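The residues of the chain are indexed from 1 along the displayed sequence. On a predicted model such as this, the values are computed, not experimentally measured, just so you know.
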Amino acid sequence: MGTYINQHLIWEDNVKYICTSCYAILAMLRKVKNLLPFHVRKNLAQALVLSKLYYNDILHHSLPEYLTARLHKVQKAAASFVSGKYATTSDILKLNWLPVTEQREWHILKSTHQSLYSSDWPNYLRLETYENNRNLRSSKGIQLQRSMITNVFQDEAANLFNNLPLSLGNCMDPILFFTETKKLLQDKARSKYNFLFFFI
């Protein structure tokens, strides 16, 4: 499936493969970047580089920070190719891209929504839920059951989904859910990275 997995679920080889492949593509693209308009550079970066960067990213949702940083460097290199200058996380957000961590969280949330509301989702892969019955009728909504085992998909999905606004958690429209959760994660990224830049 294009993902390197070992018996210990250590992702070093997979991240190395992704980075090597993406940098090789960027090296070829840079040879023609002066001949390409902005929108073509952006489309090429998204189709040829980001598609590899994000592929199967929910499998390694518990990726260590130092490996996530390597993937983030690739994303900044792709943004540099598009913008024609050294790119920061702020430039990534200006391209309407999500940073690597937030992109992975968005994919987890999209898969969670499909598990809850899509009839095409396999029953044996559905996430465990419970009904959140509070005193106020407006507070009722689906919540995901927390797993007793950390770093499994059920636990990560519950961490993200249960912290969404109630209106989003109860939203059955996939397009609206995907759009609004992306906006939410963009705001989260802006807040997080602006905070980091302030202290650098």
Side-chain angles (χ1 to χ4, degrees), residues 2-3 10-34 36-113 151 153 156-157 159-161 163-165 168 177-200:
T3 301
I10 297 173
W11 298 101
E12 291 268 3
D13 290 341
N14 188 60
V15 170
K16 181 180 178 181
Y17 165 75
I18 292 171
C19 293
T20 301
S21 179
C22 289
Y23 282 132
I25 292 170
L26 284 169
M28 291 187 290
L29 290 176
R30 288 191 188 102
K31 296 178 181 179
V32 295
K33 70 176 182 179
N34 294 329
L36 305 173
F38 174 84
H39 73 279
V40 174
R41 294 198 303 271
K42 184 178 180 183
N43 287 340
L44 285 172
Q46 290 173 168
L48 300 178
V49 181
L50 297 191
S51 62
K52 285 181 173 288
L53 197 63
Y54 302 154
Y55 180 69
N56 273 351
D57 60 353
I58 64 173
L59 289 179
H60 46 75
H61 56 82
S62 58
L63 203 64
E65 190 62 38
Y66 76 97
L67 292 179
T68 299
R70 290 185 194 175
L71 298 179
H72 191 56
K73 285 180 67 176
V74 173
Q75 193 181 40
K76 286 197 286 187
S80 297
F81 164 74
V82 175
S83 61
K85 63 181 182 65
Y86 175 78
T88 64
T89 304
S90 177
D91 296 307
I92 291 172
L93 291 167
K94 288 176 184 176
L95 291 171
N96 200 33
W97 298 348
L98 286 169
V100 170
T101 300
E102 285 72 26
Q103 181 72 29
R104 187 163 60 236
E105 291 177 354
W106 190 43
H107 286 165
I108 291 172
L109 285 171
K110 289 199 291 183
S111 295
T112 300
H113 188 273
N151 291 333
F153 185 74
E156 186 66 20
N159 282 336
L160 295 171
F161 186 83
N163 287 316
L164 290 176
L168 271 181
F177 180 84
F178 299 164
T179 301
E180 293 302 314
T181 48
K182 183 173 183 178
K183 290 179 182 176
L184 199 68
L185 289 168
Q186 284 174 327
D187 291 340
K188 174 186 172 182
R190 289 189 187 97
S191 175
K192 179 173 76 172
Y193 289 104
N194 284 341
F195 180 80
L196 289 174
F197 294 154
F198 181 78
F199 285 97
I200 290 176

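Here the side chain of W106 pairs a donor or acceptor atom with the backbone of F178 at under 3.5 angstrom.
Taking a cutoff of 4.0 Å between a charged side-chain nitrogen and a carboxylate oxygen, D187 and R190 qualify as a salt bridge.
For the side-chain hydrogen bond (donor to acceptor under 3.5 Å, both in side chains) with E102, the lone residue among K192, H107, Q186 that qualifies is K192.
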Q. Does the pair N96 and K182 meet the rule for a side chain to side chain contact (heavy atoms under 4.5 Å, CB included), with working shown?
A. CA-CA 10 Å; N96 200 33; K182 183 173 183 178; 3.9 Å; yes
(Q) side chain to side chain contact (heavy atoms under 4.5 Å, CB included), that's the test. Do K85 and D91 meet it? Break it down for me. (A) CA-CA 10 Å; K85 63 181 182 65; D91 296 307; 3.1 Å; yes
Q: Would you sort out whether N56 and N14 count as a side chain to side chain contact (heavy atoms under 4.5 Å, CB included), showing the intermediate values?
A: CA-CA 11 Å; N56 273 351; N14 188 60; over 6 Å; no
Q) After noting the C-alpha distance and the side-chain angles of M28 and L48, does the key distance pass the side chain to side chain contact (heavy atoms under 4.5 Å, CB included) rule? A) CA-CA 11 Å; M28 291 187 290; L48 300 178; over 6 Å; no
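Here K76 contributes atom NZ and Y86 contributes atom OH; the two are 4.5 Å apart, rounded to the nearest 0.5 Å. K110 NZ to T181 OG1: the interatomic distance, rounded to the nearest 0.5 Å, is 8.0 Å. One finds the OG1 atom of T101 at 8.0 Å from the NE2 atom of H72 (value rounded to the nearest 0.5 Å). From K52, atom NZ reaches atom CG of L50 across 12.0 Å, with rounding to the nearest 0.5 Å. Atoms CZ and OG, on R30 and S80 in that order, are 7.5 Å from each other to the nearest 0.5 Å. In this structure, CG on N163 lies 12.0 Å from CG on L168, to the nearest 0.5 angstrom.
When every heavy atom of L95 is checked against every heavy atom of F38, the shortest pair comes out as CD2-CZ, 3.6 Å. Closest approach of P99 and T89 over heavy atoms only: CG-CG2, 3.9 Å. Annotation for S83 and R41: closest pair C-NH2, 4.5 Å, computed over non-hydrogen atoms. Between F81 and A45, the closest heavy-atom pair is CD2-CB, 4.3 Å. Considering every non-hydrogen atom in both V100 and L53, the closest pair reads CG2-CD2, 4.2 Å. The shortest heavy-atom contact between V74 and C19 is CG2-SG, 3.7 Å.
Looking only at side-chain heavy atoms (C-beta outward), I18 and Y55 stay at 4.5 Å or farther from each other. Side-chain contact between R104 and L63: present, with at least one pair of heavy atoms (C-beta onward) separated by less than 4.5 Å. The side-chain heavy atoms of L184 and E180, taken from C-beta on, include no pair separated by under 4.5 Å.
Within 6.0 Å of NZ on K31 lie no more than 12 heavy atoms contributed by other residues, nucleotides or ligands.
Under 3.5 Å, the side chains of Y54 and Q75 contain a donor-acceptor pair of N or O atoms.
Residues satisfying the side chain to side chain contact (heavy atoms under 4.5 Å, CB included) criterion with L160, sequence neighbours excluded, are E105, I108, L109, E156.
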